[in-house]
Amino acid sequence: MRLVFGLVLLVGLGLAGTAVYMAKGYIQQTRAQLAYERSQRAPQIETVDVYVAERALAYGDAVTPDDVRLVAFPENSLPEGVFTAEEELFPKGADAPRAALRNMEKNEAVLAVKVTGPGEQAGISARLERGMRAFTVKVDATSAVSGFLRPGNQVDVYWTGTLGNDDLRTEGNSSGEVTKLIENRVEVIAVDQKAGGDFSEAVVPRTVTVAARPQQVAALAQAQSTGRLSLSLVGADDDTVADTIEIDQRRLLGITEQEQVVEKQPKEKEEVCTIRTRRGAEVVISRIPCTN
């Protein structure tokens with residue numbers, strides 16, 4: 001009887017050990033599978049609902065509640081100026097829609113810089129910031145970068161003209177025909193009669209409208225009436241500011257001030273010595289060698 005009890009006990013302990021071993025292996029396998037599934041899952045990204053264009057919008061199109069919809073955007077990648085509530089985008093309701101200042105594609109986020117204020121129409125006045133004025137510059141193919149200027153570009157403005165006389169000098173001591181940088185990084189807000197950026201190819205404009213402060217407007221008007229204005233396109237990522245630039249023909253050709261003075265010095269007059277001789281009533285003047 002004791003032998004049977006001992007055999008049963010041994011068999012029970014063996015079965016229990018086997019069950020524990022199998023359960024341990026199953027648990028480890030389950031944990032490994034869970035860890036693998038977690039590693040394959042995408043990280044949790046917090047999102048914010050923002051308004052995007054429901055359809056493609058061109059410059060000047062009205063932006064109404066039917067033209068936009070909410071889409072989830074990653075919160076840590078939101079561009080500046082998004083609209084997250086209808087009260088922000090349409091504070092005056094559907095009766096005061098905004099207008100598109102730039103072309104927008106479908107599903108593109110609606111930003112504050114891309115639309116006018118509530119109830120405003122797209123135009124030059126909507127592109128002007130506080131204290132700025134619009135001024136139009138006459139241009140041609142050579143002075144307008146061969147027609148590659150677009151609204152939103154920044155340009156440097158150069159003046160070329162002739163100073164009245166040699167006594168009239170500029171800050172750089174130039175005279176005659178002079179080219180001078182007069183304005184830095186002026187923003188272009190319209191090319192001809194187009195204030196949007198929907199240009200499919202380069203077009204040579206006749207006028208370029210820029211945004212400038214009143215003092216700059218006066219300077220540009222004076223420069224345009226007394227000489228020729230040329231525009232130089234500034235790179236999109238260029239944050240440098242050009243120094244004072246001024247050049248005339250003398251500097252262009254490398255003529256130094258000393259050389260110019262030598263050229264202007266008059267030739268010394270040859271000294272002439274004479275003697276007067278009276279012959280009766282007649283006086284005869286004869287040239288003789290000069291002696292010291």
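Index from 1, following the sequence.
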Would you kindly confirm whether [X] and [Y] end up in one hydrophobic cluster when ILVMFWY residues are joined by side chain heavy atoms under 4.5 Å apart?
{"X": "V71", "Y": "L78", "answer": "yes"}
{"X": "V210", "Y": "L233", "answer": "yes"}
{"X": "V217", "Y": "V157", "answer": "yes"}
{"X": "V155", "Y": "Y158", "answer": "no"}
{"X": "I189", "Y": "M132", "answer": "yes"}

Validation row: [X], [Y] side chains within 4.5 angstrom (heavy atoms):
{"X": "F90", "Y": "V68", "value": "yes"}
{"X": "V186", "Y": "D156", "value": "no"}
{"X": "Q224", "Y": "V137", "value": "yes"}
{"X": "K138", "Y": "L229", "value": "no"}
{"X": "P205", "Y": "L149", "value": "no"}
{"X": "R102", "Y": "V113", "value": "yes"}

Considering only NZ, NE, NH1 and NH2 on the basic side and carboxylate oxygens on the acidic side, decide whether K92 and E120 come within less than 4.0 Å.
no
Run the side chain to side chain contact (heavy atoms under 4.5 Å, CB included) check on F83 and V50 step by step: do they pass?
CA-CA 6 Å; F83 296 95; V50 301; over 6 Å; no
Are the side chain of [X] and the backbone of [Y] linked by a donor-acceptor contact shorter than 3.5 Å?
{"X": "R150", "Y": "G147", "answer": "yes"}
{"X": "D192", "Y": "T207", "answer": "yes"}
{"X": "R98", "Y": "T116", "answer": "yes"}
{"X": "R185", "Y": "V234", "answer": "no"}
{"X": "D67", "Y": "E54", "answer": "no"}
{"X": "W159", "Y": "I182", "answer": "no"}
{"X": "S143", "Y": "V139", "answer": "no"}

Applying side chain to side chain contact (heavy atoms under 4.5 Å, CB included), can you list everything that pairs with D61, at least two apart in sequence or on another chain?
R55, L57, A58
Quick one: [atom1] on [X] to [atom2] on [Y], what's the gap to the nearest 0.5 Å?
{"X": "T179", "Y": "R228", "atom1": "OG1", "atom2": "CZ", "value": "7.0 Å"}
{"X": "D248", "Y": "T162", "atom1": "CG", "atom2": "OG1", "value": "11.0 Å"}
{"X": "N153", "Y": "E187", "atom1": "CG", "atom2": "CD", "value": "9.0 Å"}
{"X": "Q215", "Y": "E183", "atom1": "CD", "atom2": "CD", "value": "8.5 Å"}
{"X": "S232", "Y": "N184", "atom1": "OG", "atom2": "CG", "value": "10.0 Å"}
{"X": "Q29", "Y": "I27", "atom1": "CD", "atom2": "CD1", "value": "11.5 Å"}

Tell me every residue that passes salt bridge (Lys or Arg N to Asp or Glu O under 4.0 Å) with R213, counting only those two or more places apart in sequence or in another chain.
none
Check the pair V48 / F73 against side chain to side chain contact (heavy atoms under 4.5 Å, CB included), numbers first and verdict last.
CA-CA 5 Å; V48 176; F73 265 60; 5.7 Å; no
Which atom pair, heavy atoms only, marks the closest approach of [X] to [Y]?
{"X": "A53", "Y": "V110", "value": "N-CG2, 3.9 Å"}
{"X": "T136", "Y": "T209", "value": "OG1-OG1, 3.2 Å"}
{"X": "P151", "Y": "V191", "value": "CD-CG2, 3.9 Å"}
{"X": "V63", "Y": "A99", "value": "CG2-C, 4.2 Å"}
{"X": "M104", "Y": "A109", "value": "SD-O, 4.3 Å"}
{"X": "T64", "Y": "P97", "value": "CG2-CB, 4.0 Å"}

Apply side chain to side chain contact (heavy atoms under 4.5 Å, CB included) to the pair V52 and R69, showing each step before the final yes or no.
CA-CA 6 Å; V52 300; R69 63 186 177 92; 3.9 Å; yes
From the list T244, I247, I245, side-chain contact (heavy atoms from CB on, under 4.5 Å) with K180 holds only for T244
